[in-house]
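Notes follow once the structure below has been shown.
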Protein chains: 2
Amino acid sequence: MDKKAFFHKFVAFTTAVHQVTHDMTRDIKWDSITPVQYRILEYVAVSQPVTLSEISECQHMSMPNTSRELKKLCDKNLCDKTTDAEDHRKQFISLSKDGQALMDEAFKRIEGRFQQRIQDASEEELEIIDRALDVLQSKVFYSDAPS
Amino acid sequence: MDKKAFFHKFVAFTTAVHQVTHDMTRDIKWDSITPVQYRILEYVAVSQPVTLSEISECQHMSMPNTSRELKKLCDKNLCDKTTDAEDHRKQFISLSKDGQALMDEAFKRIEGRFQQRIQDASEEELEIIDRALDVLQSKVFYSDAPS
DNA sequence: CTCTTTAATTATCATTTGATAACTAAAATC
DNA sequence: GATTTTAGTTATCAAATGATAATTAAAGAG
């Protein structure tokens, strides 16, 4: 296999993924929430409950900045903080009722657009796509083992 | 096929792609160039020569902001502008010698990390990955037809 | 030739984001 | 019990990004 060509295909692919996910989440960021805040909400939605440190690490932002943005989200009643009973330093973050509703709505729209994209695929094609997702996630887009 | 589960797999996958591309381009943004400027350079590198309007549209930024960032890149001697001979309003943007060197170096590092990721894959697995990329790009991550 | 549209620029302002230092309080270690 | 580490906060500053209005110059349409 031609390594250069393979790499180019990889680059084109990741560009396409970025492009498409951008298109699919466009106009989701209403409601006075900023892009960074949306990314945090998305992360919390998928991984809740999470601690501030986890958000900080996974979103590649410093603790002070994470703390600030999270404070804004809590002020907007989109997130709740609860102190860990075992370790009183830790805060568990989860979506509030409003935050959950917001993200449910967001995911609903994204899912709608996703279904539109695959609506022309036959059942066999869906199986192929399904396996392609598995393959790429396990062989290429896996998480680095922490050193 | 379970639609909900399929959608969740899609979301997890795109998250993984974002995560991995972020990891692979970390510490590439040396040299006093900002993330947005890097994205522009990457786009120019792949698609040159391009016009300002094309950059503006593909990178989802307004013309004034695109113009400003491009001016900075030209001031840093990373890009060249040449006026279209046929339409004097248009400017073709391409990488300068320095800009090309910068992006060659960047792509070299990214490619190194890519090769690391797939180094354990057998030849047959590479074939499978190759086809998986094709499938997903054509069936899921294709560009929307402009309305 | 006039009017409109297109491509790009300049200037300006508000907001968002990133970075850093100094701090509190609760574990954990010795 | 004193010290160190961990989790998170607050305050502050600088830089990056986004948004808008006003402008120039060239091309295209009537």
Side-chain angles (χ1 to χ4, degrees), chain A residues 18 22 25-44 47-76 78-94 146, chain B residues 18 22 25-44 47-76 78-94 146:
Chain A
H18 281 94
H22 181 278
T25 52
R26 83 190 127 79
D27 73 33
I28 302 272
K29 303 166 186 71
W30 353 247
D31 252 354
S32 74
I33 91 164
T34 71
V36 169
Q37 286 165 11
Y38 175 78
R39 287 209 330 256
I40 294 176
L41 284 183
E42 206 171 63
Y43 175 65
V44 174
S47 312
Q48 64 187 331
V50 287
T51 65
L52 257 159
S53 313
E54 288 170 332
I55 298 175
S56 169
E57 199 188 323
C58 292
Q59 300 296 306
H60 314 101
M61 34 194 304
S62 68
M63 275 292 285
N65 292 337
T66 309
S67 177
R68 175 187 60 201
E69 295 309 316
L70 217 80
K71 189 171 185 313
K72 290 179 192 166
L73 289 170
C74 291
D75 288 348
K76 290 174 190 168
L78 297 172
C79 283
D80 292 328
K81 289 183 195 177
T82 48
T83 302
D84 183 1
E86 323 222 304
D87 185 338
H88 284 214
R89 293 169 305 179
K90 287 188 186 167
Q91 307 260 33
F92 285 122
I93 315 293
S94 50
Chain B
H18 280 94
H22 181 277
T25 52
R26 83 191 127 79
D27 73 35
I28 301 272
K29 304 168 184 71
W30 352 246
D31 253 353
S32 71
I33 90 164
T34 70
V36 169
Q37 287 166 9
Y38 175 79
R39 288 210 328 256
I40 293 175
L41 284 183
E42 206 173 63
Y43 176 65
V44 174
S47 313
Q48 63 186 330
V50 287
T51 65
L52 255 159
S53 312
E54 289 169 331
I55 298 175
S56 168
E57 199 187 324
C58 292
Q59 300 296 308
H60 314 99
M61 33 193 307
S62 69
M63 276 293 284
N65 291 337
T66 309
S67 178
R68 176 186 60 199
E69 295 308 317
L70 218 79
K71 190 170 184 314
K72 291 179 192 167
L73 289 170
C74 291
D75 288 348
K76 290 176 190 168
L78 297 172
C79 283
D80 292 327
K81 289 182 194 176
T82 48
T83 302
D84 183 1
E86 322 221 304
D87 185 338
H88 284 213
R89 292 169 305 180
K90 286 187 185 168
Q91 307 262 32
F92 285 122
I93 315 294
S94 50

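Here is the naming used below: chain letters follow the sequence lines, and residue numbers restart at 1 for every chain.
- When distances run from any side-chain atom of Ser62(A) to the nucleotides dT9(D), dT20(C), dT20(D), the shortest one goes to dT20(C).
- At distances below 3.5 Å, not a single donor-acceptor pair connects side-chain atoms of Lys76(A) with backbone N or O atoms of Ile33(A).
- Taking 4.0 angstrom as the limit, Gln37(B) places none of its side-chain polar atoms (N or O) nearer than this to OP1 or OP2 of dA16(D).
- Between the base of dG18(C) and the side chain of Arg68(A) there is a donor-acceptor pair shorter than 3.5 Å.
- With distances taken from any side-chain atom of Pro64(B) to the nucleotides dA8(C), dA21(D), dT20(C), the minimum falls on dA21(D).
- Note: CD (Gln91(A)) to P (dA26(C)) measures 12 Å, nearest angstrom.
- Put simply, CD1 on Ile55(B) is 14 Å from P on dA7(C), counting in whole angstrom units.
- Using cut-offs of 30° and 60° on the angle between ring planes, the pair His22(A) and His60(B) is parallel.
- Across all strands, Thr51(A) comes closer than 4.0 Å only to sugar-phosphate atoms, never to a base (heavy-atom distances).
- Side-chain N/O atoms of Arg89(B) and base N/O atoms of dG28(D) include no donor-acceptor pair closer than 3.5 Å.
- Between the NE2 atom of His88(A) and the P atom of dG8(D) there is a distance of 13 Å, given to the nearest Å.
- Between the P atom of dT16(C) and the CD1 atom of Ile33(A) lies a distance of 11 Å, rounded to the nearest Å.
- Contact annotation: side chain of Asp87(B) to base of dA7(C), donor-acceptor pair absent below 3.5 Å.
- DNA chain C is contacted by both Ser53(B) and Arg39(A); Ser53(B) maps to the nucleotide lying nearer its 5′ end (nearest heavy atom per residue).
- An OP1 or OP2 oxygen of dA11(D) is reached within less than 4.0 angstrom by no side-chain nitrogen or oxygen of Lys71(A).
- Between Lys90(A) atom NZ and dA25(C) atom P the separation is 20 Å, expressed in whole Å.
- Within the 3.5 Å criterion, the main-chain N or O of Leu52(B) finds no donor-acceptor partner in the side chain of Ser56(B).
- A heavy-atom distance below 4.5 Å is not found between the side chains of Glu54(B) and Ser47(B).
- Residue Lys90(A) qualifies as open at atom NZ: its count of foreign heavy atoms under 6.0 Å is 12 or below.
- Among the atoms of the strands shown, only primed sugar atoms or phosphate atoms (P, OP1, OP2) are found under 4.0 Å from some heavy atom of Glu86(A).
- Atom-to-atom, CD of Glu69(B) to P of dT9(C) comes out at 13 Å; the value is rounded to the nearest Å.
- Mapping His60(A) and Ala85(A) onto DNA chain C by nearest heavy atom places His60(A) closer to the 5' end of the strand.
- Regarding contacts with the backbone of dT17(D), a side-chain N or O of Thr34(B) is found under 4.0 angstrom from either OP1 or OP2.
- Rounded to an integer number of Å, the gap from CE of Met61(B) to P of dT16(C) is 18 Å.
- In this structure, Asn65(B) places its CG atom 18 Å from P of dA7(C), rounding to the nearest Å.
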